[in-house]
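Presented below is the structure to which this report refers.
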2 protein chains.
Amino acid sequence: MKSSNVTIKDIAKLLSISPSTVSRALKDHPDISQTTKDQVNSLAKELNYRPNPIALSLRNRRSNVIGVVIPEIVHYFFSSVISGIEKVAGEHGYSVMVSQSDEKYEREKEVCTTFQHSIIDGILISISKETNDFAHLQKFEDEGIPIVFFDRMIEEFESDRVIINDYEGAFQATEYLIVEGRRRIVHFAGPKNRLISQNRLKGYLEAHKKNGVVIDESLVIYCDEFDKALIETQKIIDSGLKFDAIFTVNDFTAAGVLKTLQKNGIKVPTDVSVIGFGNDYIAEMIEPTLTTVSQPGFTMGERAMEMLINRIKNEKNDPIHTDVLPTKLVLRNSTKPR
Amino acid sequence: MKSSNVTIKDIAKLLSISPSTVSRALKDHPDISQTTKDQVNSLAKELNYRPNPIALSLRNRRSNVIGVVIPEIVHYFFSSVISGIEKVAGEHGYSVMVSQSDEKYEREKEVCTTFQHSIIDGILISISKETNDFAHLQKFEDEGIPIVFFDRMIEEFESDRVIINDYEGAFQATEYLIVEGRRRIVHFAGPKNRLISQNRLKGYLEAHKKNGVVIDESLVIYCDEFDKALIETQKIIDSGLKFDAIFTVNDFTAAGVLKTLQKNGIKVPTDVSVIGFGNDYIAEMIEPTLTTVSQPGFTMGERAMEMLINRIKNEKNDPIHTDVLPTKLVLRNSTKPR
DNA sequence: ATCGAGTGCGCAATCGATTGTAATTTTTTC
DNA sequence: GAAAAAATTACAATCGATTGCGCACTCGAT
């Protein structure tokens with residue numbers, strides 16, 4: 001920031017009145033005469049006066065900035081969340097500060113510390129894969145800075161949340177495979193300590209039960225990255241494990257699965273059906289196109305920001321609230337058409 | 001931001017000294033006795049005192065926040081740039097505010113206006129596809145807020161820049177195809193008004209000249225999106241146009257090309273070689289894996305941020321500087337192995 | 001005993017905007 | 001025409017931190 005910016009004092013000096021009068025005139029305060037108001041307003045417009053946001057922040061003790069902590073920005077899902085956040089933030093005069101935790105607990109703590117001694121009015125966070133405690137978040141609570149979790153939350157930490165209906169999404173995907181006639185469905189699951197993975201796994205299991213399909217625990221494999229999927233898929237093929245479908249915890253993993261299946265001459269979806277999770281843009285680009293569970297990232301961002309704004313405005317009044325967003329199974333060519 | 005934060009006054013009151021003494025003690029000012037310094041420092045530590053960044057911003061007229069304007073965050077390249085920016089920013093005590101222009105000129109102007117009347121010490125920008133003038137940026141210049149362009153710049157606007165060697169990248173890719181024996185190389189080009197596309201096109205053309213290959217202007221097609229690539233590729237196939245390679249301006253377009261080629265039974269790389277640009281993560285996920293020109297996004301972010309910090313610190317002293325980052329051809333399976 | 005230098009610290013202004021209260025001017029009323 | 005009421009506007013404090021200037025005090029030197 002540099003000089004050359006018009007202040008309320010400049011206007012006051014030019015009109016030979018006091019800064020306080022200028023301030024009141026600009027806010028249409030009843031104490032100020034119409035004549036003065038007109039003078040002030042026209043001069044303010046002419047000089048393109050804007051109140052200095054920093055001065056306002058200092059006085060009002062609110063910065064109109066919110067902090068976003070996100071695991072990795074390079075994921076389509078997370079960047080769409082950010083877009084949703086930005087949209088709503090902009091509409092309400094908030095600016096957004098984004099920091100990545102890189103899925104690291106230590107980094108997440110650092111980022112939070114920076115935000116704490118900083119200027120944010122509220123925080124939106126999706127915790128890293130490594131995060132298991134919430135000491136670093138407690139401080140926000142203590143200082144009265146509202147927190148809203150999105151997508152990944154800490155169950156024990158009481159606060160507003162926007163999450164995906166992971167259970168339902170996984171249930172639908174699995175049930176679709178079962179209805180398709182699949183009986184030995186492999187699940188490439190996410191980290192055991194993440195609620196999100198637990199719920200997807202639960203949906204997977206429940207769909208089996210509801211449809212009277214026997215569950216084989218050996219079909220659940222913990223693998224949630226592209227590179228690892230290449231290896232794990234090859235392993236299960238080599239091991240002679242029998243399977244006729246694979247449901248993965250995200251689309252990158254599904255991409256790795258598809259690639260390895262095809263490399264081994266296994267036809268998708270003839271021999272094996274594959275369903276991913278996330279509806280990343282790769283889902284349309286890979287071959288065959290990927291049937292996947294769409295997560296409304298943009299909507300999630302919008303809702304999270306709305307909840308945060310509401311919490312900032314209404315302080316502690318409202319009870320804590322959790323928004324569960326519906327998923328949708330997007331059918332493409334990695335499953336048989338119905 | 002809420003209360004409960006320790007201020008310099010609180011410390012002063014507790015020690016029955018003046019705020020100014022506390023301030024000086026904390027900064028190890030020689031006027032203050034060691035005894036007082038020790039008292040202040042230990043109490044500050046105990047109370048976990050942090051200077052209020054907003055108060056500092058107001059006084060110093062610098063916020064230690066920099067603004068980033070980016071076309072679309074969902075692109076791997078841009079999100080890696082942001083990661084690089086964030087890394088260097090963090091190391092130097094800067095925070096980052098990110099806003100997207102969504103490739104729209106109007107939105108870009110809005111974002112810039114917000115930043116202008118805001119609190120940023122500098123701006124990093126990659127202009128939208130639609131942007132042709134720079135009135136909205138001139139204001140930053142006028143107010144002494146430094147600008148650094150990354151990836152996409154406005155030629156007429158004098159300022160620091162970090163760009164990719166688009167020409168060289170395109171040249172290498174094209175030459176590789178020529179050496180491979182390709183003679184009718186289609187180029188899916190980006191918008192004509194973008195320097196970046198012009199340079200890639202230039203590299204494509206120059207590689208032909210240098211290698212004595214005749215240029216057929218009908219092989220240059222303006223198409224830079226996945227969906228459009230599906231259509232355009234089908235068009236050139238149906239039109240009976242002869243070609244034996246396709247070089248695209250980005251990886252999404254290449255993905256569309258690959259998909260359509262395979263759909264039409266055209267073998268890659270046997271019949272047609274394909275090279276993309278960007279080294280997006282899809283390059284490894286699609287089938288066949290995509291040979292592409294890697295753009296060092298993370299490095300670009302780092303460099304841009306370093307240049308901006310340097311410019312903020314050294315004001316107008318240094319002459320304007322342009323950093324040209326090298327590209328690298330990443331060989332994968334959409335071209336013949338050498 | 002007094003002057004001068006040196007030490008340690010506080011006052012007050014500043015950054016830009018806001019707001020309770022006081023002060024001034026204008027208008028009204030008897 | 002003077003006092004009371006109403007209408008305007010100015011003063012000063014505030015948000016938190018910094019800093020030029022000056023004050024008070026100590027101590028050695030003359």
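Letters go in sequence order (proteins before strands), and every chain restarts at 1.
Nucleotide D/dT18 holds its C1' atom 12 Å from the NZ atom of B/K9, rounded to whole Å. Regarding B/L56, its CG atom lies at a distance of 13 Å from the C1' atom of D/dT19, rounded to whole Å. One interatomic measurement links the two molecules: CD1 of B/I17 to P of D/dT18, which rounds to 14 Å at whole-angstrom precision. Taking atom NE2 on A/H29 and atom C1' on D/dT9, their separation rounds to 12 Å, with Å as the unit. When rounded to the nearest whole Å, the span between CD1 of A/I54 and P of C/dG16 equals 10 Å. A/L15 has its CG atom 17 Å from the P atom of D/dT8, to the nearest Å. Rounded to an integer number of Å, the gap from B/D28 CG to C/dC9 P is 13 Å. Rounded to an integer number of Å, the gap from B/Q39 CD to C/dG8 P is 14 Å.
Between the side chains of A/Q34 and A/D38, at least one donor N or O lies within less than 3.5 Å of an accepting N or O. Side-chain atoms of B/D133 and B/Y105 form a donor-acceptor pair, as typed in the model, at a separation below 3.5 Å.
Within the nucleic acid shown, A/S20 comes within 4.0 Å of at least one base atom, counting heavy atoms only. As judged by a 4.0 angstrom heavy-atom cut-off over every strand, A/T7 is placed among residues touching the sugar-phosphate backbone only. If you check every strand for non-hydrogen atoms under 4.0 Å, B/S33 touches sugar and phosphate atoms only. Here A/S16 lies in heavy-atom contact (under 4.0 Å) with sugar-phosphate atoms only.
Closest contact between the side chain of B/T21 and the listed nucleotides C/dG10, C/dA17, D/dA17 involves C/dG10. Side-chain proximity of A/R61 to the nucleotides D/dT9, C/dG16, D/dG16 is greatest for D/dG16. Ranking C/dC9, D/dC15, C/dC15 by closeness to the A/L58 side chain, first place goes to D/dC15. Distances were taken from every side-chain heavy atom of A/K27 (C-beta onward) to each of D/dT19, C/dC9, C/dT19; the shortest belongs to C/dT19.
Between B/E103 and B/R152, at least one side-chain N (NZ, or NE/NH1/NH2) sits under 4.0 Å from a carboxylate O, which counts as a salt bridge. The residues B/R24 and B/D31 are annotated as not salt-bridged, no charged nitrogen and carboxylate oxygen being separated by less than 4.0 angstrom.
Close to D/dG16, at under 4.0 Å from its OP1 or OP2, lies no side-chain N or O of B/Y49. Contact annotation: B/K37 does not reach the phosphate of C/dG8 (side-chain N/O to OP1 or OP2, under 4.0 Å). Distances shorter than 4.0 Å separate some side-chain N or O of A/S23 from OP1 or OP2 on C/dT18.
Take the nearest nucleotide of DNA chain C for B/T36 and for A/R24: the residue whose nucleotide is more 5' is B/T36.
For the side-chain contact (heavy atoms from CB on, under 4.5 Å) with A/V162, the qualifying choice from A/E306, A/M300, A/M153, A/E302 is A/M300, the only one to do so.
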